[in-house]
Amino acid sequence: MDPFSAEGELINIHNAFLQGQYQEVIDFDTSSFSPENHLPARILQLRARIALGHTDEVLADVDGEEDTPDLAAVNTLARHVAGDDEAALQGAQDLAENYPDNAVVQILVGTVFQAQGRSEEALALLAKHQGSLEAVALIVQIHLQQNRSDLALKEVEAAKRWAQDSLLVNLAESWVGMRVGGEKYQSAFYVYEELASADSTSAPLSIVGQAVAEIHLGRLPEAEAALSAALQRYPNEAELIANTIVLNVLTGKPTEELETRLQQVQPSHTLLTDIQEKSDLFDAAAAKYSAKVSS
């Protein structure tokens, strides 16, 4: 077996995962992979199944294998996505304490920490990475969620010095560009357009990025056309659903059906959490006032 060929296949499956081609990742034939690449490939396939909402299947698949930290991290992420936040947090904290230098633990546990509002714990764990572009990408996302575009840009510029042509670095630069705004919207659009045109299967996350850039550029009909076509092909892709909800709000169209679908696909999605938090805040504010009825 040619180890370089197997390594190339691992790169292919990883790139497919990063672009949201989750079913392609799941269907990927890994039988020719070298032994050292079997576990990384399996992890990607399990993560793809989680992304598609198949958490029960994933938990059953890794049951009894929690002694392998990579698979324990998958278990933790699956529990979080399934809505079992308490068990997920406990698992995340145990893994972060016992396996802080494991790259899969860093990424998956970092994801769980951030999703549960523990940004500093996530960043502390991710900072231990040794050349992991996924860790870099997650750090950038966290800084953007913290409204620290300056720190996100600093992270991207540092990564460009050692991974200039990486798909993830290009994507991360686009994320920052869409937060900075101005002419950066158009630059980000070109990155996603190039990704989509280079991929005959039209990876859903490339379409999402393209559509978000279109929204920022004020091209709502173009964004709607792209998201609508993608949703027909990938009806259960959480990010497509979430961004279509946002677009529908902007265009005054109903969102209830899409919110229900997102709830079924990924109940822990950030958009749903945010909507619930805003609803609770409104109810709390409204409860302070009572209607005055004049006699």
Side-chain angles (χ1 to χ4, degrees), residues 14 17-18 39-40 43-44 46-51 53 55 58-59 62 65-159 162-163 168-169 171-172 175-176 179 238-239 242 266-278 280-281:
H14 194 206
F17 176 83
L18 295 176
L39 181 59
I43 297 298
L44 288 169
L46 290 167
R47 291 173 66 187
R49 289 161 67 185
I50 292 172
T55 52
V58 170
L59 288 169
V62 301
E65 297 186 84
E66 289 82 359
D67 287 344
T68 302
D70 305 60
L71 296 174
V74 168
N75 178 291
T76 295
L77 179 63
R79 290 190 183 282
H80 165 71
V81 173
D84 190 355
D85 288 343
E86 186 176 346
L89 180 58
Q90 183 61 59
Q93 290 173 327
D94 289 345
L95 285 165
E97 180 179 350
N98 294 304
Y99 304 101
D101 298 322
N102 180 290
V104 174
V105 167
Q106 291 166 358
I107 295 160
L108 303 194
V109 168
T111 299
V112 172
F113 278 152
Q114 175 62 15
Q116 296 205 23
R118 296 171 175 264
S119 299
E120 296 312 315
E121 289 177 67
L123 289 170
L125 180 61
L126 290 163
K128 300 177 186 296
H129 81 87
Q130 298 293 320
S132 168
L133 285 173
E134 269 207 83
V136 169
L138 187 50
I139 291 169
V140 170
Q141 289 181 343
I142 292 171
H143 284 321
L144 290 175
Q145 289 179 35
Q146 294 176 318
N147 292 318
R148 291 301 307 270
S149 300
D150 56 328
L151 296 180
L153 180 59
K154 182 179 179 181
E155 194 72 30
V156 169
E157 292 299 331
W162 54 274
L168 264 178
V169 172
L171 287 173
W175 302 335
V176 176
R179 180 59 62 86
E239 293 307 318
Q266 191 173 323
S268 63
H269 194 280
T270 304
L271 179 63
L272 294 177
T273 303
D274 188 57
I275 291 173
Q276 186 59 54
E277 287 176 354
K278 298 296 190 297
D280 291 343
L281 287 171

[X] side chain near [Y] side chain, heavy-atom distance below 4.5 Å:
{"X": "H143", "Y": "L123", "value": "yes"}
{"X": "L168", "Y": "V136", "value": "no"}
{"X": "L46", "Y": "L77", "value": "no"}
{"X": "I139", "Y": "H129", "value": "yes"}
{"X": "F113", "Y": "I142", "value": "no"}

Identify the two heavy atoms, one from [X] and one from [Y], that lie closest to each other, and give their separation to 0.1 Å.
{"X": "A48", "Y": "F17", "answer": "N-CE1, 3.7 Å"}
{"X": "A163", "Y": "V169", "answer": "O-CG2, 3.4 Å"}
{"X": "G110", "Y": "L125", "answer": "N-CD2, 4.0 Å"}
{"X": "W175", "Y": "A137", "answer": "CZ3-O, 3.5 Å"}
{"X": "A72", "Y": "E66", "answer": "CB-O, 3.4 Å"}

Problem set entry | Partner set under side-chain contact (heavy atoms from CB on, under 4.5 Å) for A82, not counting sequence neighbours |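 Scan of A82 (side-chain contact (heavy atoms from CB on, under 4.5 Å), adjacent residues dropped) gives T55.
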
For this session: List in chain and number order the residues that pass side-chain contact (heavy atoms from CB on, under 4.5 Å) with T273, two or more places apart in sequence or in another chain; answer none if no residue qualifies.
Result: E277

What distance do [X] atom [atom1] and [Y] atom [atom2] have between them, rounded to the nearest 0.5 Å?
{"X": "Y99", "Y": "K128", "atom1": "OH", "atom2": "NZ", "value": "16.0 Å"}
{"X": "Q116", "Y": "Q93", "atom1": "CD", "atom2": "CD", "value": "8.5 Å"}
{"X": "L95", "Y": "L108", "atom1": "CG", "atom2": "CG", "value": "9.5 Å"}
{"X": "T111", "Y": "I107", "atom1": "OG1", "atom2": "CD1", "value": "7.5 Å"}
{"X": "L44", "Y": "L18", "atom1": "CG", "atom2": "CG", "value": "8.0 Å"}
{"X": "I50", "Y": "Q266", "atom1": "CD1", "atom2": "CD", "value": "10.0 Å"}

Exercise. Of V104, V105, N75, which meets side-chain contact (heavy atoms from CB on, under 4.5 Å) against D70?
Worked result: V104

Exercise. Can Q146 and E120 be said to form a side-chain contact (heavy atoms from CB on, under 4.5 Å), step by step?
Worked result: CA-CA 10 Å; Q146 294 176 318; E120 296 312 315; 3.3 Å; yes

Side chain of [X], backbone of [Y]: donor and acceptor closer than 3.5 Å?
{"X": "S132", "Y": "A135", "value": "yes"}
{"X": "Q106", "Y": "P100", "value": "yes"}
{"X": "N98", "Y": "D94", "value": "yes"}
{"X": "R179", "Y": "L144", "value": "yes"}

Problem set entry | From CA spacing to verdict: side-chain contact (heavy atoms from CB on, under 4.5 Å), T270, Q145 | CA-CA 11 Å; T270 304; Q145 289 179 35; 5.6 Å; no

Problem set entry | Stepwise side-chain contact (heavy atoms from CB on, under 4.5 Å) test for V58 and R47 | CA-CA 8 Å; V58 170; R47 291 173 66 187; over 6 Å; no

Under 3.5 Å, which donor-acceptor pairs link side chains of residues 149-159 to any protein atom two or more places apart or in another chain?
residue: D150; atom: OD1; partner: R148; partner atom: NE; Å: 2.9
residue: D150; atom: OD2; partner: R148; partner atom: NH2; Å: 2.6

Exercise. Would E121 and V109 count as a side-chain contact (heavy atoms from CB on, under 4.5 Å) if you check the C-alpha gap in whole Å, the side-chain angles of each, and the deciding distance to 0.1 Å?
Worked result: CA-CA 10 Å; E121 289 177 67; V109 168; over 6 Å; no

For this session: For the pair H14 and E134, evaluate side chain to side chain donor-acceptor pair (under 3.5 Å) and give the outcome as yes or no after the intermediate values.
Result: CA-CA 10 Å; H14 194 206; E134 269 207 83; 3.1 Å; yes

Exercise. If we ignore angles and hydrogens, is there a donor and acceptor under 3.5 Å between the side chains of H269 and E239?
Worked result: yes

